[in-house]
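The structure appears below as structure tokens.
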Amino acid sequence: MVAQTELGEAEVDRVFHALATSTRRDILRRTIEREQSVSTLASEYEMSFAAVQKHVAVLEAANLIVKRAEGRERLVRANPEMIARARALLARYEELWRSRIARLDDLLAEPSPAAGKPAPTDPTSSQRTESQGD
């Protein structure tokens with residue numbers, strides 16, 4: 001089986017939407033550390049259980065977490081494969097910006113065409129020195 005690395009446009013949209021709020025980022029961080037029940041996750045926030053369930057659903061739709069049933073509980077854990085794919089996307093963006101900055105640095109380091117020419121002289125200054133010598 002070949003692991004898919006490229007994210008489609010819809011997947012990218014879901015991932016960025018899922019990571020757009022601090023609560024969802026915190027849920028993801030907590031589920032990276034260890035698998036947790038939705039009830040345990042909900043107990044850590046000052047919001048309703050239903051609100052936490054909605055956050056979990058957004059993360060699940062983005063495939064950033066995986067939910068499974070164990071008896072009456074729903075356990076949630078991070079999906080390292082999708083996190084790695086999202087990280088790879090961000091690394092490509094970083095590479096793009098670094099190459100643009102490098103090109104800008106190169107342009108700024110190039111001597112300008114006017115830099116090689118001697119500075120224009122002021123004709124009145126040479127006349128003044130000649131007349132002063134008289």
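These values consider heavy atoms only, across backbone and side chains, with no hydrogens, waters or symmetry-generated copies.
- Both I32 and L90 are part of a single hydrophobic cluster, where members link through side-chain heavy atoms under 4.5 Å apart.
- Clustering of Ile, Leu, Val, Met, Phe, Trp and Tyr side chains at separations under 4.5 Å places L104 together with L108.
- In this structure, CD on E44 lies 11.0 Å from CD1 on I27, to the nearest 0.5 angstrom.
- Here E33 pairs with R29 under the side chain to side chain donor-acceptor pair (under 3.5 Å) rule; sequence neighbours left out.
- When all heavy atoms of T31 and Q36 are compared, the pair lying nearest together is N-NE2, 4.4 Å.
- Side-chain contact between V76 and E35 is absent, with no heavy-atom pair separated by less than 4.5 Å.
- Here the OG1 atom belonging to T23 is positioned 11.5 Å from the CG atom belonging to L41, to the nearest 0.5 angstrom.
- Atoms CZ and CG, from R77 and L75 in turn, are 10.0 Å apart once rounded to the nearest 0.5 Å.
- Following chains of ILVMFWY side-chain contacts shorter than 4.5 Å, one cannot reach L96 starting from L89, and the two form parts of different hydrophobic clusters.
- Taking CZ of F16 as the reference point, atom CG of L19 lies at 7.5 Å (rounded to 0.5 Å).
- For T40 and S43, the side-chain atoms include no donor-acceptor pair closer than 3.5 Å.
- Closest of all the heavy-atom pairs between A42 and V52 is CA-CG2, 3.8 Å.
- Here R68 pairs with E70 in a salt bridge; the nearest charged N to carboxylate O distance falls below 4.0 Å.
- Contact detail for L59 and L28: the closest heavy-atom pair is CD1-N, 4.3 Å.
- A side-chain hydrogen bond (donor to acceptor under 3.5 Å, both in side chains) with H55 is found for exactly one of R24, R25, E60, namely R24.
- Counting side-chain heavy-atom gaps under 4.5 Å among Ile, Leu, Val, Met, Phe, Trp and Tyr, V66 is found in no cluster with other residues.
- In terms of hydrophobic clustering, with Ile, Leu, Val, Met, Phe, Trp and Tyr side chains grouped at heavy-atom distances under 4.5 Å, V15 and Y93 are assigned to a common cluster.
- Residues L64 and N79 have side chains not in contact (no heavy-atom distance under 4.5 Å, counting atoms from C-beta outward).
- At least one side-chain heavy atom of L7 sits less than 4.5 Å from a side-chain heavy atom of M82.
- S39 contributes atom OG, which lies 6.0 Å from atom CD of E73 (distance to the nearest 0.5 angstrom).
- The minimum heavy-atom distance linking V58 with A18 is given by the pair CG1-CA, 3.8 Å.
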